[in-house]
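Structure first, then comments.
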Amino acid sequence: MFGRGNWAIFGLDNETLTAFTAALDDPARMAVASQQAAAAVARLYGTDAIGFNPFSAPRLDEEQELTAEQQTELARHAVADLEEGTTAVLPAEILEGTGYGHTAEAFRVSPQLSSELPWFGLWAVMNEWKKASDLPSRKEQSSYVLLERPYKFLLATDKKTVDEKVEDASAVCRTQVAVLLDFVHGRLYIESTSKKHIQAIVAGLTRLAVQIVPVAWNYPVAHWTQAILRNLFENTQFRDEFARRAEEARRFKESEIEKLEDREMEMIVSKFFSMTETPTGTWVGISGPARIRLHEAAPPIAVRNPAMATTLLGITPEAALLSGALTFQDTMTVTTKSGAERTIRRDVARFDLNDRVNLSEVGAAMLRGFDMASHKKDVLRAIRDTRQVPSIAQFWGLWLHQLGSAVRTMEATFREVLELNGDQAAGIIPMQLSGGAEESPAP
């Protein structure tokens, strides 16, 4: 978290907030939903398991060492809860332990704006049984120990014996994923692209009384992702400057290209191949990774260099932009000490717009390659100005605040670019039901 990553977005039913906070305040429910319990289940039953830790303690489960008997008891209760939906009384030494979070406040994140916002953060921990790594070295070791010769020199029957012994060797692989719940705007954010992990997290939160709504990016325009890219590129400003930089890139090495005196323009032409101002004043730049098709029958060409993208898009009238990385920017004009005016561009957010914007199989809208480059600078500037370091809860809350704001900016900007009216459902919206099954909106 706090850097470039990939996020799966779901809807939340805000009416389940009360039931969710009640679950977080229930030690018995949180004990069996914890990573402490999931680790015990994985070790004792040899199966995959998911558990939760509070946002401020990613390895809280390691702070309390349970006896073998306590692990067995906790794992038994956790498995029974999964299968039957009921939880018997756990021993007091487990319920009163320090290895899991069992209050709503332990999971509540808040920005400096307010400490009462219904925003929550947690770590979802996946415990998966996987084969031990580097099997060839393990086979070689077993051959030396058991048969005193290299694996290559073993008879077929001996190789089979070693293979069976080594392939049985497995271990629990631990993976942690940041999860954010915003009960103000009804959004759930999971930092993962793994369908298996996302489904496990959704199932785990559902057992804590959260009602999750499948959603998808969707706009009432055919091939809307390409339509957005086309409209942005066709309305780009600084077209002559982009063309000039592409011409220089064809003639000179990158180190030989002379930088422009205008620092703002140099930043634009060196990082982007399109920069468009929307009606509300938000600027949207397009950069690589991008895919460009020269004509209808040609396969797409992957490109990262902005000058190369400009060249390819100018080769034929039919050249089309199929995908690209979008950077949303705000601008402000400042006066320098010399009295000159200068435009400063601040990156609001960046993400990749392509045909993988939805993970329809699990009902999630995706933010791939998402980043808020200015977030870290803003936080460090605030620390420097106030001489106060935010709490861990505030770090998480500020990220959630800006993440949600960035997504809403994207939704509104795309609506403007596609010239939709206010009555048309668009953006990240609930997946439509048809004949009792979820439809998977196509980009």
Side-chain angles (χ1 to χ4, degrees), residues 1 8 10 19-88 90-91 93-109 120-130 170-181 188-192 194-210 212 362 396:
M1 210 170 78
F10 291 86
F20 176 58
T21 54
L24 296 180
D25 282 329
D26 185 344
R29 294 189 69 175
M30 293 309 298
V32 297
S34 69
Q35 164 56 14
Q36 194 174 52
V41 169
R43 285 193 296 267
L44 295 175
Y45 292 95
T47 185
D48 295 349
I50 180 174
F52 299 120
N53 274 334
F55 67 91
S56 60
R59 303 189 81 92
L60 180 62
D61 54 290
E62 296 178 345
E63 295 185 13
Q64 179 188 9
E65 186 174 348
L66 299 178
T67 65
E69 294 77 10
Q70 290 170 339
Q71 288 187 48
T72 301
E73 187 72 4
L74 181 56
R76 184 175 67 81
H77 280 75
V79 170
D81 182 61
L82 285 173
E83 295 178 350
E84 304 168 14
T86 59
T87 305
L90 283 162
E93 60 268 22
I94 295 178
L95 289 177
E96 297 172 3
T98 59
Y100 71 104
H102 49 80
T103 65
E105 289 307 308
F107 294 88
R108 187 186 295 271
V109 300
F120 299 87
L122 52 87
W123 291 102
V125 188
M126 268 63 64
N127 304 267
E128 300 173 275
W129 278 91
K130 293 187 176 182
S170 57
V172 177
C173 177
R174 174 173 177 150
T175 305
Q176 301 208 179
V177 172
V179 180
L180 296 162
L181 300 95
L188 165 67
Y189 303 92
I190 300 173
E191 192 180 17
S192 177
S194 166
K195 297 175 187 176
K196 179 180 178 181
H197 290 174
I198 293 171
Q199 288 173 326
I201 293 169
V202 168
L205 291 174
T206 301
R207 289 193 292 272
L208 293 178
V210 179
I212 297 171
V362 297
W396 277 63

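These figures come from a predicted structure and were not determined experimentally.
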Name all residues meeting the side chain to side chain contact (heavy atoms under 4.5 Å, CB included) criterion together with [X]; count only those two or more places apart in sequence or in a different chain, and write none if there are none.
X: Ser194; value: Ser192, Lys196, His197
X: Arg174; value: Gln35, Asn53, Arg59, Asp61, Glu62, Val125, Gln176
X: Thr72; value: Leu44
X: Gln199; value: Val362

Under the side chain to side chain donor-acceptor pair (under 3.5 Å) test, residues paired with Gln64 that sit two or more places apart: Gln36
What residue pairs, at least two apart or across chains, pass ring-ring contact (aromatic ring centres under 6.0 Å, His included) with a residue in residues 29-57?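 As it turns out, the ring-ring contact (aromatic ring centres under 6.0 Å, His included) pairs with a partner in residues 29-57, which skip direct neighbours, are Phe55-Trp396.
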Side chains of Leu122 and Leu181, heavy atoms from C-beta outward: is any pair under 4.5 Å?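 Leu122 reaches Leu181 side chain to side chain.
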Is there a side-chain contact between Ile94 and His77 in this structure, where contact means two heavy atoms from C-beta onward sitting under 4.5 Å apart?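 Side-chain contact under 4.5 Å: no.
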Can you name the closest pair of heavy atoms from Met126 and Val177 and give their distance? CE-CG2, 3.5 Å
Shortest non-hydrogen contact from Val179 to Ala124?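 Taking every non-hydrogen atom into account, CG2-CB, 3.9 Å.
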List for me each residue that meets salt bridge (charged side-chain N to carboxylate O under 4.0 Å, His left out) alongside Glu73, sequence neighbours excluded, and say none if there are none.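 Once residues adjacent in sequence are excluded, the partners of Glu73 under the salt bridge (charged side-chain N to carboxylate O under 4.0 Å, His left out) criterion are Arg76.
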For Tyr100, all residues meeting ring-ring contact (aromatic ring centres under 6.0 Å, His included), sequence neighbours excluded: His102
